[in-house]
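Shown next, in structure tokens, is the structure this report addresses.
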Amino acid sequence: MDMLLFIAIIGVAVFVGIASKKYYDKPYIVNFGIAALMLLLVVQSILMQPITMLGYIAIVVCSIAFVFQAVIGYRNWKGQEYTKA
């Protein structure tokens with residue numbers, strides 16, 4: 001399970017890096033990719049035993065970043081739909 005999570009984190013990070021260059025005109029893809037990366041980092045931090053103070057800080061910061069990136073991605077996605085119509 002841990003190895004699968006590490007591979008998923010690396011895969012999503014690579015996707016975000018490539019998507020930031022390839023999908024420059026579709027920023028919501030990058031935002032949702034970053035949100036997924038933050039969610040995976042939260043899961044990884046929760047699975048750490050014992051959770052140290054640094055782990056709790058990582059959980060809080062990544063959770064806040066996940067929410068912000070998801071909201072920004074949703075707004076970019078809806079904003080792009082309105083400009084097409």
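No experiment lies behind these values; they were computed from the predicted model shown.
- Hydrophobic clustering (ILVMFWY, side-chain heavy atoms < 4.5 Å, transitive): Val30 and Val67 are in one cluster.
- Ring orientation note: the planes of Tyr28 and Trp77 are tilted relative to one another, at an angle of 30° to 60°.
- The line from CD1 of Ile59 to CD1 of Ile46 is 5.0 Å long, rounded to the nearest 0.5 Å.
- When all heavy atoms of Gly55 and Ser45 are compared, the pair lying nearest together is O-CB, 4.2 Å.
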Can you give the donor-acceptor pairs under 3.5 Å from side chains of residues 7-19 to other protein atoms, not counting sequence neighbours?
none

Only pairs under 3.5 Å count here: list side-chain donor-acceptor contacts from residues 34-43, not counting sequence neighbours, and write none if there are none.
none

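- Counting all heavy atoms, side chain and backbone alike, Gly73 lies closest to Asn31 at CA-CB, 3.5 Å.
- Atom CE of Met48 and atom OH of Tyr56 lie 9.5 Å apart (nearest 0.5 Å).
- Rounded to the nearest 0.5 angstrom, Lys26 NZ and Asn76 CG are separated by 13.5 Å.
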